[in-house]
Number of protein chains: 2
Amino acid sequence: MVKKTGRPGYLQIADELREQIRSGSIAPGEPLPSTAQLAETFGASLSVVKMSVGLLRNEGLVVGQQGKGVFVREDAPPADDVRAELTALRAAVADLTSRLERLERGASPRSAKS
Amino acid sequence: MVKKTGRPGYLQIADELREQIRSGSIAPGEPLPSTAQLAETFGASLSVVKMSVGLLRNEGLVVGQQGKGVFVREDAPPADDVRAELTALRAAVADLTSRLERLERGASPRSAKS
DNA sequence: CAAGCCAACTAGGTTAACTATGTTGGCAAC
DNA sequence: GTTGCCAACATAGTTAACCTAGTTGGCTTG
């Protein structure tokens, strides 16, 4: 598709996918079509599709799982209390970072308890 | 640059630039170094630099002007600033989580092999 | 039948090349 | 001196190719 408006293709595709997600056309928990499928559907190259999906991923609308697909996030987009989520995220990042550094720093991965 | 942590290069560069902007190291209204300069500075290819700048552009932290450069936005409203940080944090959490899960599942990080 | 291998498909990251378009500065022509 | 052209540099968009890595299902082999 990618109409020949001034809007770049990767934004048009991202818009379209965003709309399909917002409208429930692709429900939370469900996967997007594969990048190859999207490329064919939109008549675009793999590269622009990957850029589009990357955008949505960056926005937190979807999460990608290597080898499986890209899934619409279950939890709805946080609209109002932005600051609360910000605080929570800062804490989460701090926690994850410390755990990760310890692990990546030569701690035997095998000793990681389940 | 682009340390060999699991974090992809284009995110590392985006983080770095975001930090330089947030800290005032690159003041509002001022231009970022050109993509070519950034590529050399960070030891990365033009492509990843363009991806990084594209991220910041998408976040509204900077605005690009064809033929001139990429400028730090003068009017970074606090709300938008929060929103941008939120976006960045979400991405960071997703990234950290995946790395952590892989590690805690017993896989050894690629970069940690002696 | 069960285990294991393997091919096909998935997302993700990186690089390179090409095009389009806008800006700027210098230089030649008038 | 002014005008107009032109080369150099800038962002921006697109495409293609290559590589890594996870998942799945089928088939072969023991």
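Every heavy atom of this structure was used, including side-chain atoms; hydrogens, water molecules and symmetry mates were not. All chains are named by letter (A, B, ...) in the order of the sequence lines, taking the proteins before the strands, and each is independently numbered beginning at 1.
Annotation for B:Arg18 and B:Leu61: closest pair CG-CD1, 3.3 Å, computed over non-hydrogen atoms. Taking every heavy atom of both residues into account, B:Glu74 and B:Gly29 meet most closely at OE2-CA, 3.2 Å. Shortest non-hydrogen contact noted between B:Leu46 and B:Ala36 is CD2-CA, 3.7 Å. A:Arg73 approaches A:Pro28 most closely through the heavy-atom pair O-CB, 3.6 Å.
With distances taken from any side-chain atom of B:Arg57 to the nucleotides D:dG13, C:dG12, D:dT15, the minimum falls on D:dG13. For B:Pro8, taking side-chain heavy atoms from C-beta onward, the closest of the listed nucleotides D:dG13, C:dT14, C:dG12 is C:dT14. With D:dT14, D:dA10, C:dT14 as the choices, the nucleotide that has an atom nearest any side-chain atom of B:Met51 turns out to be C:dT14. Comparing D:dT15, C:dT14, D:dG13 against the side chain of A:Ser45 picks out D:dT15 as the nearest.
Remark: of the listed residues A:Val48, A:Leu38, A:Thr41, A:Val48 is the sole one forming a side-chain contact (heavy atoms from CB on, under 4.5 Å) with A:Ile13.
Listed by first and then second residue, the side chain to side chain donor-acceptor pair (under 3.5 Å) pairs that reach into residues 20-39 of chain A are A:Glu16-A:Gln20, A:Glu19-A:Arg22, sequence neighbours excluded.
Distance B:Gln37 CD to D:dC9 P: 12 Å, rounded to the nearest Å. Rounded to whole Å, atom P of C:dG12 lies 8 Å from atom OH of B:Tyr10. Per the geometry, CD1 belonging to A:Ile13 stands 12 Å off C1' belonging to D:dG13, to the nearest Å. Rounded to an integer number of Å, the gap from CG of A:Leu38 to P of C:dC9 is 16 Å. Nucleotide D:dT14 holds its P atom 8 Å from the CD atom of A:Gln12, rounded to whole Å. Summarising the geometry, the separation between CZ on A:Phe42 and P on D:dT14 is reported as 14 Å, rounded to the nearest angstrom. Regarding B:Asn58, its CG atom lies at a distance of 18 Å from the P atom of D:dT11, rounded to whole Å. Across the protein-nucleic acid pair, A:Leu46 atom CG and C:dT15 atom C1' stand 16 Å apart, rounded to whole Å.
Looking only at distances, no side-chain donor or acceptor of B:Gln65 sits under 3.5 Å from a matching main-chain atom of B:Val70.
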Contact letters for nucleotides 18-24 of chain C, in which S counts primed atoms plus P, OP1 and OP2 and B counts the base, heavy atoms under 4.0 Å | --BBBSS
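Interatomic distance, CD1 of B:Ile21 versus CG of B:Leu56, reported as 5.5 Å (0.5 Å rounding).
The phosphate of D:dT11 (OP1 or OP2) has a side-chain N or O of B:Thr35 nearer than 4.0 angstrom. OP1 or OP2 of D:dA10 has at least one side-chain nitrogen or oxygen of B:Ser34 nearer than 4.0 Å.
Put simply, A:Leu11 and A:Met51 are part of the same group of oily side chains (I, L, V, M, F, W, Y) that touch within less than 4.5 Å, one to the next.
Remark on the helix from C:dC1-D:dG30 to C:dC30-D:dG1: inter-end axis angle 30°, axes from five-pair C1' superpositions, rounded to 10°.
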